[in-house]
Amino acid sequence: MKPKFLSPLFAILAIVLSNVMCAAIAYNYCSLQYCQVCSAPASTAFLLAIPYGIAIALCALLSWFFRRKAV
């Protein structure tokens, strides 16, 4: 694939990942908040933001790199 087509692809992937991250964290937070037998506090759901954040940053970096390469 040419870098011209990869730049928007990774930009869209970063946006989709951010939406999936919000949904996954919200679901896990609500599940942990209303769970009576869980030993972990509900705030541990925010630890899921770390791998998602790394993936979003990587996709944004790749999008920027391919945009610079296409010019």
Side-chain angles (χ1 to χ4, degrees):
M1 290 186 122
K2 294 183 180 181
K4 183 179 180 182
F5 298 112
L6 290 175
S7 177
L9 178 71
F10 280 107
I12 291 170
L13 184 61
I15 293 169
V16 169
L17 275 174
S18 69
N19 292 335
V20 170
M21 176 188 70
C22 291
I25 291 173
Y27 175 78
N28 285 323
Y29 183 80
C30 289
S31 294
L32 286 172
Q33 189 175 16
Y34 295 114
C35 181
Q36 299 296 327
V37 293
C38 296
S39 62
S43 62
T44 57
F46 293 110
L47 292 175
L48 282 175
I50 295 169
Y52 278 110
I54 292 170
I56 291 167
L58 183 64
C59 286
L61 182 69
L62 285 172
S63 176
W64 174 80
F65 174 75
F66 287 128
R67 181 166 303 250
R68 298 271 299 169
K69 199 81 155 154
V71 172

Side-chain donor or acceptor of T44 paired with backbone N/O of P41 under 3.5 Å: yes
Hydrophobic cluster membership, L32 vs F46, 4.5 Å side-chain cutoff: no
Reported OH-to-CG distance for the pair Y52 and L47, which is rounded to 0.5 angstrom: 13.5 Å
Note, L17 side chain near C59 side chain (heavy atom, < 4.5 Å): yes
Smallest separation among heavy atoms of S7 and S63, with atom names: O-OG, 2.9 Å
Spacing of CG belonging to L61 relative to CZ belonging to F65, to within rounding of 0.5 Å: 9.0 Å
Smallest separation among heavy atoms of M21 and G53, with atom names: SD-N, 4.4 Å
Aromatic plane relationship, F66 with F10 - under 30° parallel, 30 to 60° tilted, over 60° perpendicular: parallel
Audit row: L48, N28, side chain to side chain contact (heavy atoms under 4.5 Å, CB included) steps and yes/no: CA-CA 9 Å; L48 282 175; N28 285 323; 2.7 Å; yes
Inter-residue atom distance C30.SG - I25.CD1, 0.5 Å rounding: 12.0 Å
Separation of S43 OG from Q33 CD (nearest 0.5 Å): 10.5 Å
L13 vs L9 side-chain heavy atoms within contact, under 4.5 Å: no
Transitive ILVMFWY side-chain link I15 to V20, under 4.5 Å: no
